S.K.: 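My questions will all concern the structure given below.
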Amino acid sequence: MFWEPDKEQIQEADLKRLQLDRLQETVQRVAEHVPFYKKKFADLRINPGEITSLEDLRRLPFTVKQDLRDNYPYGLFAVPLKEVVRVHASSGTTGQATVVGYTRKDLNTWSNLLARIITAAGVGANDVVQISFGYGLFTGGFGLHYGCEMVGASVIPISSGNTRRQIQIMQDFRSTALVCTPSYSLILADTMREMGINPAGLALRYGLFGGEPWSEGMRKEINAKLGILATDNYGLSEVMGPGIAGECLECKGLHINEDHFLMEILDPVTLEPVPEGEVGEVVITTLTKEAFPMIRYRTRDLSRILPGDCPCGRSFKRMERVLGRTDDMLIIKGVNVFPMQIEKVLFEVEGTKPHYQIIVEREHHSDRATVLVEATEALFSDQMRQQKAIVDQIKHRLNSELGINIEVKLVEERTLERSEGKAKRVIDKRVF
Ligand code: DLL
């Protein structure tokens, strides 16, 4: 099913033409209305009229999160506030919040792009969608909300939190689709079990998950535990929020809404494009945004463009699920480790719960990483020998995946902190 069949199956030549037109418009717009870009272009001697091909994108300057902070709150807006009808912001847990704005047209574009993603993920007018993302400055709740309304689904804007009530509502209102972070869906599954509710008796069919990295193993676990088909969708508030890319039911990568965003994959150090199909930093330029256009925004997310066509018939290129963020990369004993590599191993081993946390410490000038993973009740009450066997198995697999030794500790169920939004996977206690 397609939301906009003509656009989602656009021919490459038409797409390129459209992208160039829109890029030129965007560059013109920011040069005229955003002093930050006006100055950058002047410094680099870029005349917007000289952007005559998509390759010229590479001449344009990058934008980084600090630029948003330096221009807090409204300095990068390309329209007067009078034309802004919505403001969102990132949480700002690691520094000052970053603020983004939308015109009425931007909101319409945003809903439409989510309508594409929601339709591709199997959800439509007959569905009852429970949105368990936070509503507020975070873009997840409102972003999905308006997209779901646009496809005609019945939306339950329950927002995040109060897990038992979420389940009660899911049961009573016969929700057919769940929208939240992947980690929260597993917390819901655990809580259902505690409440004695069998997911098979619910009406749930689809899960639309995003906002944080998750592995294929985690998808399998979610599908099995909730009896649904889980798809991934990607976005970030600086660029729009959700709506940038999403999976179709083939579940083999996320289709990028390429008529609205240019996505580059660059080497995070040299900032040159990586060879086709290789992993690098995702850099995004918006093509249609009015209030908050972004030129070459460095997301710090790592992904790659998947080769080949998707059997679903969409012509938009697909990105692989986000593998992690450059700033989430841990350097343990000199080796680069992404939390996702650890998650992948944990999901391959039976006997543990899908809740884990990685603690990194420095002891006697040497790094020590410990993975805390919750054991199932059965395993926890089991003999030490069985527990040790599982720990050894995980350690061994981590060592072959990463090439370093990582400590593994089983902890009792419900010991690790639960998050109703994005899970906190890493606690780095090292002082740099
Ligand atoms: O998380 C937007 C969003 C909400 C996307 C709901 C999808 C669903 P921020 O709070 O600004 O915005 O966080 C953006 O979250 O740079 C990634 O590191 C991470 N992220 C978002 N979606 C995914 C995903 C929203 N599907 C940051 N897989 C991004 C992996 C994701 N990481």
Side-chain angles (χ1 to χ4, degrees), residues 63-65 68-69 87-100 102 110-111 113-114 116-118 120-121 123 129 131-148 159-160 177-185 207-216 218-219 222 230-247 251 253-257 261 263 268 279 281-284 292 294 297-304 318-329 338-340 343-344 419-426:
T63 313
V64 295
K65 199 171 182 93
L68 274 68
R69 291 192 173 129
V87 172
H88 281 284
S90 76
S91 57
T93 42
T94 54
Q96 197 173 32
T98 50
V99 181
V100 296
Y102 305 75
W110 193 20
S111 308
L113 293 183
L114 276 153
R116 282 187 192 172
I117 287 173
I118 291 158
V123 171
V129 187
I131 302 191
S132 310
F133 273 133
Y135 280 65
L137 291 178
F138 176 55
T139 51
F142 280 100
L144 268 300
H145 179 100
Y146 285 98
C148 286
S159 193
S160 58
L178 172 66
V179 172
C180 58
T181 53
S183 58
Y184 189 58
S185 77
L208 274 70
F209 303 125
E212 64 182 7
W214 51 313
S215 60
E216 194 54 36
M218 183 149 168
R219 181 194 333 247
I222 294 171
T231 51
D232 188 10
N233 68 87
Y234 167 76
L236 63 160
S237 40
E238 292 84 350
V239 173
M240 166 169 270
I244 296 168
E247 277 184 329
C251 297
L254 293 78
H255 290 278
I256 304 157
N257 279 317
F261 306 100
M263 190 178 282
V279 173
E281 180 175 341
V282 174
V283 173
I284 304 177
F292 200 75
M294 276 282 107
Y297 184 72
R298 288 190 58 187
T299 65
R300 307 216 166 263
D301 292 321
L302 293 165
S303 180
R304 66 186 183 108
R318 289 163 301 158
M319 63 188 277
E320 190 172 26
R321 64 170 68 247
V322 170
L323 307 165
R325 293 176 54 80
T326 51
D327 39 14
D328 271 358
M329 187 182 80
F338 285 101
M340 189 56 50
E343 177 176 310
K344 183 171 157 265
S419 163
E420 289 156 354
K422 305 187 186 212
K424 185 163 172 48
R425 298 298 191 193
V426 179

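Just so you know, ligand 1 is whichever comes first in the structure, and atom 1 is the first atom listed for that ligand. Please read these numbers as outputs of a predicted model, since none were measured by experiment.
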S.K.: Tell me: protein heavy atom nearest atom 28 (N) of ligand 1, and distance?
M.R.: Glu212 O, 3.2 Å
S.K.: Is the contact between Phe133 and ligand 1 made by the side chain, the backbone, both, or neither, using heavy atoms and a 4.0 Å cut-off?
M.R.: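 Side chain only.
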S.K.: Would you call the rings of Phe142 and His145 parallel, tilted or perpendicular if under 30° counts as parallel and over 60° as perpendicular?
M.R.: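 Because their plane-to-plane angle lies in the 30° to 60° range, the rings of Phe142 and His145 count as tilted.
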S.K.: So does Arg321 pair up with Glu216, basic N to acidic O under 4.0 Å?
M.R.: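 Yes, Arg321 and Glu216 are salt-bridged.
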S.K.: If you take the nearest heavy atom of each of Gly421, Gly246, Gly235, Gly134, which one is closest to atom 25 (C) of ligand 1?
M.R.: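 Comparing heavy atoms across Gly421, Gly246, Gly235, Gly134, the nearest one to atom 25 (C) of ligand 1 lies in Gly235.
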S.K.: Closest heavy-atom contact between Val129 and Val179?
M.R.: CG1-CG2, 3.6 Å
S.K.: Less than 6.0 Å separating the ring centroids of Phe292 and Tyr102?
M.R.: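 That pair fails the under 6.0 Å test.
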S.K.: Any side-chain donor paired with an acceptor under 3.5 Å for Glu281 and Thr326?
M.R.: no
S.K.: Under 4.0 Å from ligand 1, counting heavy atoms only, is it the side chain of Leu236, its backbone, both or neither?
M.R.: both
S.K.: Among Cys180, Ser237, Gly210, which one has a heavy atom closest to atom 12 (O) of ligand 1?
M.R.: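 Shortest heavy-atom distance from atom 12 (O) of ligand 1: Ser237.
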S.K.: Heavy-atom distances under 4.0 Å are what count here, so tell me which part of Asn233 touches ligand 1: side chain, backbone, both or neither.
M.R.: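 Looking at Asn233 and ligand 1, atoms from backbone and side chain both fall under 4.0 Å.
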S.K.: Tell me: protein heavy atom nearest atom 1 (O) of ligand 1, and distance?
M.R.: Lys422 NZ, 2.7 Å
S.K.: Which pair of non-hydrogen atoms, one from Asp327 and one from Arg300, has the smallest distance, and what is that distance?
M.R.: OD2-CD, 3.4 Å
S.K.: What I want to know is whether Gly211 and ligand 1 share at least one N or O pair that is separated by under 3.5 angstrom.
M.R.: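 Gly211 vs ligand 1: N/O contact under 3.5 Å present.
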S.K.: Quick check against the 3.5 Å criterion: does Asp232 have a side-chain atom that pairs as donor or acceptor with the backbone of Leu254?
M.R.: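 No, the answer is negative, given that no donor and acceptor are paired below the 3.5 Å cut-off.
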S.K.: Counting each atom of ligand 1 from 1 as listed, which ones have a heavy atom of Arg325 under 4.0 Å away?
M.R.: 16 (O), 18 (O)
